[in-house]
Each structure stands twice: as C-alpha cells, then as structure tokens.
Amino acid sequence: MSHPPPALRPTSPVRWEMARHGAMRVPGVVFADEAMLPDDDGGTLGQVANVATLPGIVGASYAMPDLHLGYGFPIGGVAATDVAAGGVVSPGGVGFDISCGVRVIALPAARAELDDGALDRLADGLARHIPRGTGPGGLWTLGPDELDAILRDGAAHAVARGWGAEADLAVIEHGGRVADADPDAVGPVARRRGAAQLGSLGGGNHFAEAQVVAEVVDADAAAAFGLAADQLVVLLHTGSRGLGHQVCSDHVDAMGAAMAAHGISVPDRQLACAPVESAPGRDYLGAMSAAANFGRANRQVLTEGVRRAAREALGVADATVVADVSHNLAALEEHAVDGAQRTVCVHRKGATLALPPGHDGVPEPYRAVGQPAPVPGSMGTSSWLLAGRGGEAFASTCHGAGRARSRAKARKTWKGQALRTELEQRGIRVRAASSKGLAEEAPGAYKSADDVVAVCEEAGLSQRVVRLDPVAVIKG
DNA sequence: ATGTAC
C-alpha cells in the first residue's frame, strides 16, 4: 500500500468518499452503510486508493458494499479507464477467475407441488450430473479444434453442438459470445487445463443450488424474468476454471515485464497493467475474452446437467435459462465522462453489470425492466435477482454477500460436519464433496447478501426483484 | 478462485 487511506467522508448513509491523496488521479467511492465498512486492518481501502492511481482512470475508484481484499484490486471494485487517453487494462482488475458469474435457470415447478422425496431426488440428481471439485473432469471433454471454437464463440458454440437451445442465448450477457476473443492469445498450459474442465463447477465459493422464489419485491420485473412466487429455480455460480486462472497468471507475468517499457509504475506489483492500446494490453483482452467465452460455455454445458437432473427427478419437460451474467470481467463500453461520451475499459471485479431499463445492452426480452443481476448468497442463505438501474459506477452493482473472515479463520471457527447438520435441520439438502470446503464457506464468514442488496438499492444502483431461498446445496 | 506458493 502506498499510503494509509484517509478517513472516508459520508455523502449519504450509503455512499462514502475518499479524497484524492498521494498519486491518486481520482477519488475513491465506497457504497456501504456504516456497519459494513471495512475497518481496513487488512488493507482493503488501501487497495481502493491504489486503483485510483492507474493511468487513464476516470470518475472514481469505486467499491461495492461486498468489498473485501483481493489480488491488487479489491473484490467488489469497479474502475474505468479512458482508452483514447492511454487508459490501461489490468488482469488484477478482473481477477483470477475470469468471467466467474451466475446463471439462473427456472424449473417449471412450484415448491408446494413437490414432496420431500422429490426434493431429495433433485438434490441427488444435481450431485450426480454436475462434476465438481478442483482438478480435471467435465461433462464435455474437448479436442483442440472444439476448444478453439469454444474460445471464439462461447455458449453459442456449445448450443451449436447440442448443449442447450438457441433460445438460451437470447438472455445471456452479450448473447453468450464475447466479441474480439483471441484464442491464439490463450497459452498451451491454459488450453490443456481447459480442455478437461468444460462443464464443471469447481470448488471454493462456487455452487449449484436449488432454490425457491421466496419473496417477490418487483412484480413487473419478476414477470418479465418469467418468475413467480414459490417457483423452483437452480442457480449456478462458477467461472472459467483452471483455464481462466492460467490466462490471468500468464498475462500478469507478461504485463509485469512490459510495464517499464510503457513508462508505467504502480504502487503494488499486483496492479500490473498495460495500455488497452498496446500489444500486451490487446493480448490480455483477447485472451480474457476467450476465457470469458469458456466461462459462458461452462455454464451452458452445466445447464444440460441441470436439465437432466430436473427431468429425472421431477419429470418436468424442460428448464428455462433466465439470466447469465459475469461478475469478473473487463469490457470496452461507451459512458458519459465529464459530459462527453467516451470509450472506457470498465473493470468489474466482484461487481455485476447493472444496465438500466431501456438500455440497448439489456437482453431484448428484459429491456423494459433493466439488466438482470443475479447475486449469490453465502451457503444456505438467500440469493437475489436484481434489475439494473444504471446510476454511478458505470452501471454496476454488487456480486454477492462478501467475505468478512478469511478462509483460514473460517476453518478454525466452524466445522464442516456441524454446518451440514445445521443446514439439514433447516430442511436444506446438502451434497458436498469436501467437509473442509464446507467450513470455509460457513455463512458466518460472510456479510448478509440481504444487507448488501438493500444498500445497492438505496444507492440507486439496482432494484431488488426476487429473493431466492435455498432448498438444496451442491458444492465441490 | 486455483493441478491450494516463487
């Protein structure tokens, strides 16, 4: 950290400003209520300040209420750089799990129609059809040509090969295919790892959950999203697995080596970056987009696992994709900056696209109500589906509950087996591959997603649409 | 997050 961060000054009950100091080019802005502000023993606010020093940054270095310490950038951070003004792109501003995100799948069944046996069968089916845990093993093992096509065309290629329906693509962010992907910028190690992992969940905070629509806050938006009270959904939270991780590592190394040549110095080596309009910048963005396509294809292939489980367990005809949005991505977008339209590179790291109603980037079926933004809760607690409102922070909102205690501390405080019993006693089925992983994901290690989404609503970033309560948790 | 460390 370059300097100790100065005190945050409230400009509203849910918005705090950090004045420019040191090498900061813009102020910091944190959306949070007083209780959820980090005390910064861990340096999270110092990371907000560090990001504000990046070349070309405009507006502010933003942080969502679920912010916590990350690699270079805080998780929950949003930073936009002006491309024509030498603005940079930084792999640390996207994160290791490129295109990590959430897919919501609606099942044509209501909780009230199902007995406990049906829910047991659904949990078992999801556990059987969704590969999980670290390491290789996915639903679709890829040869080199198929991998290239996935990196170029994302979920669209998976659908073309029979993994799902054309209609699925209409509601996925960017139509399931990120433009300007450069498969050649994805190195051989990343390719090898990815070829064996398409259609797999991973570990850590990734999960599949069967959930019920427990509260409808915005009836019009819920109807537009095709969701009704008491309806069952499945939520998938996963990303680009080892492939994205390797792409991030490779390009952090490459940029670190190239920074001096571009005359860039940063207060933390984890903020390695390069101008968007430079060879290392273009290479990273091309590889990142390819990894993002892998991430969307991963969730698309897993959706077929969900459909198989639903057909077997419930006998329901089919399951409908409601939304698929990433919360770890950089994107070139047009935004008003100081009254002028500029092309900016928006880094969202643990932050979700939240375009407002009417914006032409919102999937057409939802244009009147705004971009759907799924927010996964911590294990066994509520998740949310929001609708974007634009607002500050380049049309972004939160991405989850936000970790409040480290994995190590969680392992010391909670026991996986006891957590499993507690969840089962609350009527939530648990299918977990690792007891240690369960302890690390204890709900007590996280803030409440309910509080986080309420702050985002009060700050004008997003509107709550439905609350989703878990009935079955499937984890690596 | 991750074939759970340079």
Tell me: [atom1] of [X] to [atom2] of [N], nearest whole Å?
| X | N | atom1 | atom2 | result |
| --- | --- | --- | --- | --- |
| A:E440 | B:dT4 | CD | C1' | 9 Å |
| A:K436 | B:dT4 | NZ | C1' | 7 Å |
| A:R411 | B:dT4 | CZ | P | 14 Å |
| A:I98 | B:dT2 | CD1 | C1' | 12 Å |
| A:D253 | B:dA5 | CG | P | 16 Å |
| A:Q270 | B:dA5 | CD | P | 16 Å |
| A:R269 | B:dA5 | CZ | P | 18 Å |
| A:H245 | B:dA5 | NE2 | P | 10 Å |

Quiz item: Got a sec, which residues hit side chain to side chain contact (heavy atoms under 4.5 Å, CB included) with A:K409, two or more places apart in sequence or on another chain?
Solution: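 Only A:R405, A:S406, A:T413 meet the side chain to side chain contact (heavy atoms under 4.5 Å, CB included) criterion with A:K409.
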Quiz prompt | Any A:R241 side-chain N or O less than 4.0 Å from OP1/OP2 of B:dT2 | solution =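 So the side chain of A:R241 is within the cut-off, an N or O lying under 4.0 Å from OP1 or OP2 of B:dT2.
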For a quick check of understanding: with a heavy-atom distance under 4.0 Å over all strands, which category does [X] fall into, base, sugar-phosphate or nothing?
| X | answer |
| --- | --- |
| A:V189 | base |
| A:R192 | base |
| A:G203 | sugar-phosphate |

Practice problem: With sequence neighbours left out, write down each residue that passes ring-ring contact (aromatic ring centres under 6.0 Å, His included) with A:W140, or none if nothing qualifies. | Solution: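 With neighbours one apart ignored, the set is A:W163.
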Quiz item: Under 3.5 Å, is there a donor-acceptor pair between the side chain of A:R299 and the main chain of A:T238?
Solution: yes
Quiz item: Quick one: are the ring centres of A:H237 and A:H399 less than 6.0 Å apart?
Solution: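 Distance test on ring centres: not under 6.0 Å, no.
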